[in-house]
Protein chains: 2
Amino acid sequence: MQSGCTVNQTLKYLGKKWMLLIILELYKGEGYTRRFTEIKERLPGITAKVLSARLKELEEEGLIEKRIDATSVPGRSDYTLTESGVDIVEVIKEIKRWALRWKIENLACGAQDCHDCML
Amino acid sequence: MQSGCTVNQTLKYLGKKWMLLIILELYKGEGYTRRFTEIKERLPGITAKVLSARLKELEEEGLIEKRIDATSVPGRSDYTLTESGVDIVEVIKEIKRWALRWKIENLACGAQDCHDCML
DNA sequence: CAGAATCCCCTCAGATACTG
DNA sequence: CAGTATCTGAGGGGATTCTG
């Protein structure tokens with residue numbers, strides 16, 4: 001099989017829909033931190049279910065850390081990029097570099113994606 | 001929507017199963033070139049259908065070039081990485097670098113994937 | 001607010017069989 | 001050799017509804 005390869009294992013979740021956008025949202029947040037609703041508002045089209053699932057995957061992979069503020073009512077959760085999470089932005093930058101170099105005709109980026117994604 | 005972003009557009013096909021393995025196979029070939037059967041043999045588990053579909057996608061995206069040798073019977077096709085195809089290996093290297101740095105526990109790579117993938 | 005539970009749909013991968 | 005055609009099953013994404 002091919003599942004044992006670190007590269008493919010990484011792509012298995014990194015390649016999923018919304019995954020990179022979520023990481024970039026956290027990357028843009030103060031201290032690499034954002035709340036659930038905050039992310040959801042900034043990613044038009046994403047559903048709570050998918051966002052929840054992705055955040056759980058990212059947490060399991062150690063790319064983000066979840067913190068529940070139990071003191072506040074109603075409860076709030078925020079999510080912060082870990083060191084590895086911040087570091088994976090380098091991969092995204094590399095993809096972007098490649099895309100801009102070879103796919104220039106595509107540079108019409110959606111508003112919430114690239115022109116302010118700090119890459 | 002999020003489909004306009006170059007990064008996401010790239011991940012849309014790059015993230016698909018077998019895609020990276022195919023690229024790496026071509027990368028390993030002489031002159032970045034391999035034949036259909038050659039790739040298939042070296043990627044145990046892949047079906048002709050999926051390989052065919054992936055190669056077509058890669059061709060449409062300009063990462064590979066197909067060449068049919070009409071003179072030989074039975075006909076042979078070979079596939080060669082284009083400049084952009086060779087360049088995207090940099091992305092794969094970056095992913096690998098990240099994975100090895102943060103996912104060291106996973107370094108048991110499948111035989112045909114990593115230990116000879118020249119990365 | 002931050003999810004969990006359902007339900008539906010649709011694509012995609014895999015297997016098998018067939019062909020120029 | 002290099003595919004195409006067809007069928008199948010599993011999984012992922014989306015919409016809706018409900019809840020601590």
Side-chain angles (χ1 to χ4, degrees), chain A residues 1-3 5 8-23 25-26 29 33-61 64-80 110 113, chain B residues 1-3 5 8-9 11-23 25-26 29 33-61 64-80 110:
Chain A
M1 295 299 283
Q2 46 120 29
S3 53
C5 178
N8 285 282
Q9 282 193 328
T10 303
L11 257 294
K12 206 167 176 178
Y13 50 86
L14 200 72
K16 285 188 179 178
K17 200 170 176 183
W18 298 109
M19 203 52 110
L20 293 180
L21 280 310
I22 294 169
I23 293 173
E25 271 315 312
L26 296 178
T33 299
R34 285 253 144 102
R35 287 180 315 188
F36 189 89
T37 311
E38 209 173 359
I39 303 171
K40 191 170 182 305
E41 283 171 353
R42 288 165 173 271
L43 295 179
I46 196 171
T47 62
K49 174 193 175 182
V50 173
L51 177 55
S52 179
R54 291 292 175 277
L55 288 171
K56 182 175 290 184
E57 290 179 274
L58 287 173
E59 195 185 0
E60 288 170 355
E61 294 294 338
I64 67 174
E65 271 174 358
K66 180 183 184 176
R67 202 184 55 193
I68 303 173
D69 185 355
T71 66
S72 77
V73 178
R76 305 196 159 182
S77 301
D78 54 37
Y79 300 87
T80 305
D113 301 336
Chain B
M1 294 301 280
Q2 47 118 29
S3 53
C5 180
N8 286 282
Q9 282 193 329
L11 258 293
K12 206 167 177 179
Y13 51 87
L14 201 72
K16 286 186 180 179
K17 199 171 176 182
W18 298 107
M19 203 53 108
L20 293 181
L21 281 306
I22 294 169
I23 293 173
E25 271 316 312
L26 296 177
T33 299
R34 286 251 145 104
R35 288 181 314 187
F36 189 89
T37 310
E38 209 173 0
I39 303 169
K40 192 171 180 306
E41 283 171 355
R42 287 165 173 271
L43 295 179
I46 196 170
T47 62
K49 175 193 174 183
V50 172
L51 177 55
S52 178
R54 291 293 175 277
L55 289 171
K56 183 175 289 183
E57 290 178 274
L58 287 173
E59 194 185 2
E60 286 170 357
E61 295 294 338
I64 66 174
E65 270 174 1
K66 180 183 183 177
R67 202 184 55 193
I68 304 174
D69 186 355
T71 66
S72 78
V73 178
R76 305 198 157 181
S77 300
D78 54 37
Y79 300 86
T80 305

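To find a chain, count down the sequence lines: A is the first, B the second, and so on, and within it residues start at 1. Just so we're clear, the structure is a prediction, and the values are computed from it rather than from any experiment.
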Starting the side chain at C-beta, find the nucleotide from [options] nearest to [X].
{"X": "A/T47", "options": "C/dA13, D/dA15, C/dG3", "answer": "D/dA15"}
{"X": "A/K66", "options": "D/dG12, C/dG3, D/dA15", "answer": "C/dG3"}
{"X": "B/K17", "options": "D/dG3, C/dA13, D/dG14", "answer": "C/dA13"}
{"X": "B/T37", "options": "D/dG13, C/dC12, D/dC1", "answer": "D/dC1"}

Does atom CD (A/E65) have a neighbourhood of more than 12 heavy atoms from anything else shown, all under 6.0 Å?
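Count not over threshold, so no.
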Test your reading of the model: is there a side-chain donor-acceptor pair from B/R34 to the backbone of B/K40, 3.5 Å cut-off?
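Such a contact is absent between B/R34 side chain and B/K40 backbone.
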Donor-acceptor under 3.5 Å (A/R35 side chain, A/R76 main chain):
no
Just how far, in rounded Å, is [atom2] of [N] from [atom1] of [X]?
{"X": "A/K12", "N": "D/dG12", "atom1": "NZ", "atom2": "C1'", "answer": "13 Å"}
{"X": "A/K56", "N": "D/dG12", "atom1": "NZ", "atom2": "C1'", "answer": "16 Å"}
{"X": "B/R54", "N": "D/dA2", "atom1": "CZ", "atom2": "C1'", "answer": "17 Å"}
{"X": "B/L21", "N": "C/dA13", "atom1": "CG", "atom2": "P", "answer": "13 Å"}
{"X": "A/R76", "N": "D/dG20", "atom1": "CZ", "atom2": "P", "answer": "21 Å"}
{"X": "A/K16", "N": "D/dG13", "atom1": "NZ", "atom2": "C1'", "answer": "11 Å"}
{"X": "B/E59", "N": "D/dG3", "atom1": "CD", "atom2": "P", "answer": "9 Å"}
{"X": "B/K40", "N": "C/dG14", "atom1": "NZ", "atom2": "C1'", "answer": "12 Å"}

Under 4.0 Å between a side-chain nitrogen and a carboxylate oxygen: does that hold for A/E59 and A/K56?
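Salt bridge absent between A/E59 and A/K56.
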Closer than 4.0 Å, any side-chain N/O of [X] to the OP1 or OP2 of [N]?
{"X": "B/K49", "N": "D/dC7", "value": "no"}
{"X": "B/S77", "N": "D/dG3", "value": "yes"}
{"X": "B/S52", "N": "D/dA2", "value": "no"}
{"X": "A/W18", "N": "D/dG14", "value": "yes"}

Using the side-chain hydrogen bond (donor to acceptor under 3.5 Å, both in side chains) criterion, which residues pair with A/T80? Sequence neighbours excluded.
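Once residues adjacent in sequence are excluded, the partners of A/T80 under the side-chain hydrogen bond (donor to acceptor under 3.5 Å, both in side chains) criterion are A/T33.
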